[in-house]
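Values reported hereafter were calculated over all heavy atoms of this structure, with side chains retained and with hydrogens, waters and symmetry mates removed. These figures come from a predicted structure and were not determined experimentally.
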Amino acid sequence: MNPISGDTDPSETRGQERSSTTPLPPQNVTFNRLELNRILNLYGRMVADGEWRDYAIDFLKDRAVFSIFRRASEVPIYRIEKDPRLARKQGAYSVIAASGQILRRGHELERVLLVIDRKLALV
């Protein structure tokens, strides 16, 4: 298609020029659907037991954080973090206590969450 003949849409060429020169905005790290499903299942069980009351999710440039609160006005009692930079080292997932102590770190979210996942007790 010849740009002189008018057969092309001028916005197509401008869009191509813009996309090649404009840098992409930095992407935030997020939890995928399966990770959020597993975290929210655990959270829902603990809310039903009356142990947890609130949560917050933060998607930062370098990590994603799911914070768990006993009361909304307190500091989080646990933070579940996903840091892809550590994926080849200790593992991308970690559970951190309110004191800042890392309770467990690993490559699989399911195994990392076992540190705070209470087992069913026989009554």
Side-chain angles (χ1 to χ4, degrees):
M1 307 263 174
N2 190 353
I4 298 173
S5 68
D7 292 338
T8 61
D9 183 12
S11 63
E12 289 178 8
T13 57
R14 277 188 252 137
Q16 292 170 353
E17 292 169 2
R18 220 177 318 140
S19 65
S20 63
T21 59
T22 306
L24 294 174
Q27 297 294 321
N28 292 342
V29 177
T30 61
F31 292 108
N32 64 34
R33 183 180 294 246
L34 295 174
E35 293 164 344
L36 269 179
N37 188 27
R38 174 62 182 107
I39 293 170
L40 289 173
N41 281 338
L42 171 63
Y43 176 78
R45 280 188 282 126
M46 294 300 197
V47 167
D49 290 343
E51 293 186 28
W52 298 346
R53 296 197 184 264
D54 201 5
Y55 73 91
I57 302 176
D58 297 312
F59 299 122
L60 307 172
K61 291 180 183 177
D62 60 340
R63 65 180 181 226
V65 182
F66 187 95
S67 302
I68 300 166
F69 298 88
R70 186 161 292 157
R71 290 180 201 82
S73 62
E74 294 182 349
V75 296
I77 55 175
Y78 297 112
R79 291 189 331 253
I80 302 166
E81 293 190 1
K82 177 183 179 181
D83 190 348
R85 295 175 300 164
L86 300 174
R88 294 183 182 228
K89 297 177 183 175
Q90 303 102 344
Y93 304 103
S94 58
V95 174
I96 302 170
S99 63
Q101 178 184 12
I102 297 174
L103 301 177
R104 185 172 284 179
R105 178 177 281 156
H107 298 282
E108 300 172 12
L109 180 63
E110 189 75 31
R111 299 201 61 195
V112 171
L113 291 179
L114 288 176
V115 73
I116 56 176
D117 191 1
R118 195 167 59 88
K119 298 296 179 195
L120 295 175
L122 294 175
V123 179

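- Counting all heavy atoms, side chain and backbone alike, F59 lies closest to A64 at CD2-CB, 3.9 Å.
- For the atom pair CD1 (I57) and CD1 (I80), the distance works out to 10.0 Å, reported to the nearest 0.5 Å.
- Summarising the geometry of R79 relative to S67, their closest heavy-atom pair is CG-OG, 3.9 Å, with the distance given to 0.1 Å.
- Every residue was checked against the side-chain hydrogen bond (donor to acceptor under 3.5 Å, both in side chains) condition with Q90, not counting sequence neighbours, and none meets it.
- R104 places a side-chain N or O within donor-acceptor distance of the main-chain N or O of R111, the cut-off being under 3.5 Å.
- A search for ring-ring contact (aromatic ring centres under 6.0 Å, His included) contacts involving Y55 returns Y43, F66, not counting sequence neighbours.
- Listed by chain and number, the residues in a side-chain hydrogen bond (donor to acceptor under 3.5 Å, both in side chains) with R88 amount to none (sequence neighbours excluded).
- When hydrophobic side chains of Ile, Leu, Val, Met, Phe, Trp and Tyr are connected at separations under 4.5 Å, I102 ends up clustered with I96.
- Two residues are said to be in side-chain contact when any heavy atoms from C-beta on lie closer than 4.5 Å; I116 and W52 meet this criterion.
- With rounding to the nearest 0.5 angstrom, the CD atom of E51 is 8.0 Å from the CD1 atom of I77.
- The shortest heavy-atom contact between L34 and N32 is N-OD1, 3.1 Å.
- In this structure, R105 places its CZ atom where more than 12 heavy-atom neighbours from other residues, nucleotides or ligands lie under 6.0 Å away.
- Legend: ring-ring contact (aromatic ring centres under 6.0 Å, His included) pairs involving residues 67-117, not counting sequence neighbours: none detected.
- Within the structure, salt bridge (Lys or Arg N to Asp or Glu O under 4.0 Å) pairs that include any residue of residues 29-44 comprise E35-K82, R38-E110, R38-D117 (at least two apart or interchain).
- Between D62 and V29, the shortest heavy-atom distance links the atoms C-CG2, 3.7 Å.
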